[in-house]
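Here is the structure we will look at.
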Amino acid sequence: MSMNHKESIRCPKCSQLHELTVWSSITVSDSPDLKLDLLGGKINLLRCDICGQTALLPNPLLYHDEEQHLMISFIPCANAEKKQELFDEIKENFRKNEELQKLENYHFRFTTDYNSLLEKILIFDQGMNDKAIELIKLMILMQEPKKMEKRTVVFGKKENNELEFFVRDASDGMCYTSRVPMLTYETVWTELLKSGVKNKSFIWELVDSDYAASLLNGMNQY
């Protein structure tokens, strides 16, 4: 079920106090409007009406879409070492949670990045799997190896048998569009399944750029 509580939170820029509704879990079947609010950037974000500052609240959020068989655990964290600790902890908790283990044919995802949370929701809504999408994002970056470290790729949408990605370059502040045929996704996903990648999850999975790199190494050895 969807759960929330009230918190008094100060703006990190001007210290103005705000009374906010903080969501700890969203179950789409209970609250479909909350999904739209989440995708619209209205959940667990402070928007100060005094100074205009926008800030992500440091609160975990559990997203559950029963129709998509998708559950995402989002815990804000920018530290790589702490991120791994959180991931190890949530996997251990999964092993102790009989209710979660009863959920069959599910996608369990863990992320510490807010944009990644939203991106994964969009990917599964389009009937695709983020494991293949992460690999395609890596392939897009590899087209210009010298610029990889300064660039990030985000999935945008599926339209007219094409996938649209946005490439952001931190060196010049520009944003580019990259389009990939849907056939490429289908080929990549087929090859991943052949290599042993599972469609469904048996525990929480961290599917990000590092995961994609490990997949690519595995496919090259296959």
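Please read these numbers as outputs of a predicted model, since none were measured by experiment.
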Please confirm whether the ring centroid of Phe108 lies under 6.0 Å from the ring centroid of Phe94. yes

Which heavy atom in Ser178 sits nearest to a heavy atom in Ile140, and how many Å separate them? OG-CD1, 3.8 Å

Between Ser209 and Lys137, a side-chain donor and acceptor under 3.5 Å: no

Decide if atom CZ of Arg168 counts as having more than 12 heavy atoms of other residues, nucleotides or ligands within a radius under 6.0 Å. no

Minimal non-hydrogen separation, Val197 against Trp189, with atom names: CG1-CZ3, 4.2 Å

Side chains of Thr177 and Phe166 in contact at under 4.5 Å (non-hydrogen atoms): yes

Derivation of the side chain to side chain contact (heavy atoms under 4.5 Å, CB included) call for Ile43 and Leu34: CA-CA 8 Å; Ile43 298 293; Leu34 283 178; 4.0 Å; yes

Is the number of heavy atoms from other residues, nucleotides or ligands under 6.0 Å of Asn79 CG greater than 12? yes

Taking Ser73 for the side chain and Thr111 for the main chain, is one N or O donor matched with an acceptor at less than 3.5 Å? no

Leu103 side, atom CG; Lys200 side, atom NZ - distance, nearest 0.5 Å: 12.0 Å

Which value, rounded to the nearest 0.5 Å, describes the distance between Met128 atom CE and Ile133 atom CD1? 4.0 Å

Quick one: list whatever passes salt bridge (charged side-chain N to carboxylate O under 4.0 Å, His left out) with Arg151, sequence neighbours left out. Glu144, Asp169

For Ala212 and Leu135, work out which heavy atoms get closest and say how close. O-CD1, 3.7 Å

Strictly distance-based, threshold 3.5 Å: is any side-chain N or O of Gln101 a donor or acceptor partner for the main-chain N or O of Arg95? yes

Any side-chain heavy atom of Tyr185 sitting closer than 4.5 Å to one from Leu163? yes

Main-chain N/O of Tyr211 paired with Ser214 side-chain donor or acceptor, under 3.5 Å: yes

Charged N to carboxylate O under 4.0 angstrom, Asp65 versus Lys35? yes

Checking salt bridge (charged side-chain N to carboxylate O under 4.0 Å, His left out) against Lys83, which of Asp210, Asp88, Asp113, Asp208 comes through? Asp208

Look at the side-chain heavy atoms of Ile, Leu, Val, Met, Phe, Trp and Tyr, link any pair under 4.5 Å apart, and say whether Met139 and Val154 land in one connected group. no

According to a hydrophobic-cluster definition based on side-chain heavy atoms being under 4.5 Å apart (Ile, Leu, Val, Met, Phe, Trp, Tyr only), do Tyr106 and Ile203 belong together? yes

Roughly how far, to the nearest 0.5 Å, is the CD atom of Glu119 from the CG atom of Leu122? 8.0 Å

Flag side-chain contact, heavy atom, 4.5 Å: Leu61 against Ser24: no

Using only atom types and a distance under 3.5 Å, with no angle test, would you say the side chain of Lys6 pairs donor to acceptor with the backbone of Thr21? no

Do other residues, nucleotides or ligands put more than 12 heavy atoms under 6.0 Å from Glu81 CD? no

Begin with the C-alpha distance, continue with both residues' side-chain angles, and end with the deciding distance and a verdict on side chain to side chain contact (heavy atoms under 4.5 Å, CB included) for Leu70 and Tyr63. CA-CA 8 Å; Leu70 174 65; Tyr63 175 87; 4.2 Å; yes

Does Val28 belong to the same Ile/Leu/Val/Met/Phe/Trp/Tyr cluster as Leu39, with side-chain heavy atoms less than 4.5 Å apart forming each link? yes

Is it possible for you to say whether Leu216 and Phe165 belong to one hydrophobic cluster, with membership spreading through side-chain heavy-atom contacts below 4.5 Å? yes

A side-chain contact here means heavy atoms from C-beta on lying under 4.5 Å apart; do Val22 and Ile9 qualify? yes

With distance as the sole criterion, is a donor-acceptor pair present between the side chains of His5 and Glu7 under 3.5 Å? yes

Check: Asp49 main-chain N/O paired with His18 side-chain donor or acceptor under 3.5 Å: no

Tell me, do Leu20 and Leu57 make a side-chain contact under 4.5 Å, heavy atoms counted? yes

For Glu205, the side-chain hydrogen bond (donor to acceptor under 3.5 Å, both in side chains) test, sequence neighbours excluded, returns Arg109, Lys131, Ser201

Between Leu45 and Tyr114, is any pair of side-chain heavy atoms under 4.5 Å apart? yes

Hey, mind stepping through Glu162 and Val180 against side chain to side chain contact (heavy atoms under 4.5 Å, CB included) and telling me if it holds? CA-CA 6 Å; Glu162 283 189 330; Val180 176; over 6 Å; no

Are Glu89 and Glu92 packed together at the side-chain level, in the sense that at least one heavy-atom pair is separated by less than 4.5 angstrom? no

Hydrophobic clusters here meaning ILVMFWY residues chained together by side-chain heavy-atom distances under 4.5 Å, can you tell me if Phe110 and Ile123 are in one? no

Side chain to side chain contact (heavy atoms under 4.5 Å, CB included), that's the test. Do Gln16 and Arg10 meet it? Break it down for me. CA-CA 5 Å; Gln16 174 68 26; Arg10 292 192 180 278; over 6 Å; no

Kindly say whether Trp23 contributes a backbone atom to a donor-acceptor pair with the side chain of Asn44 at under 3.5 angstrom? yes

Partners meeting salt bridge (charged side-chain N to carboxylate O under 4.0 Å, His left out) with Lys120 (sequence neighbours left out): Asp130

At what distance, to the nearest 0.5 angstrom, does CG of Leu46 lie from SG of Cys11? 6.0 Å

Roughly how far, to the nearest 0.5 Å, is CD of Glu134 from CG of Leu215? 9.5 Å

Does the side chain of Leu100 come within less than 4.5 Å of Met71's, by heavy atoms? yes

Between CD1 on residue Ile26 and CE on residue Met3, distance to nearest 0.5 Å: 12.5 Å

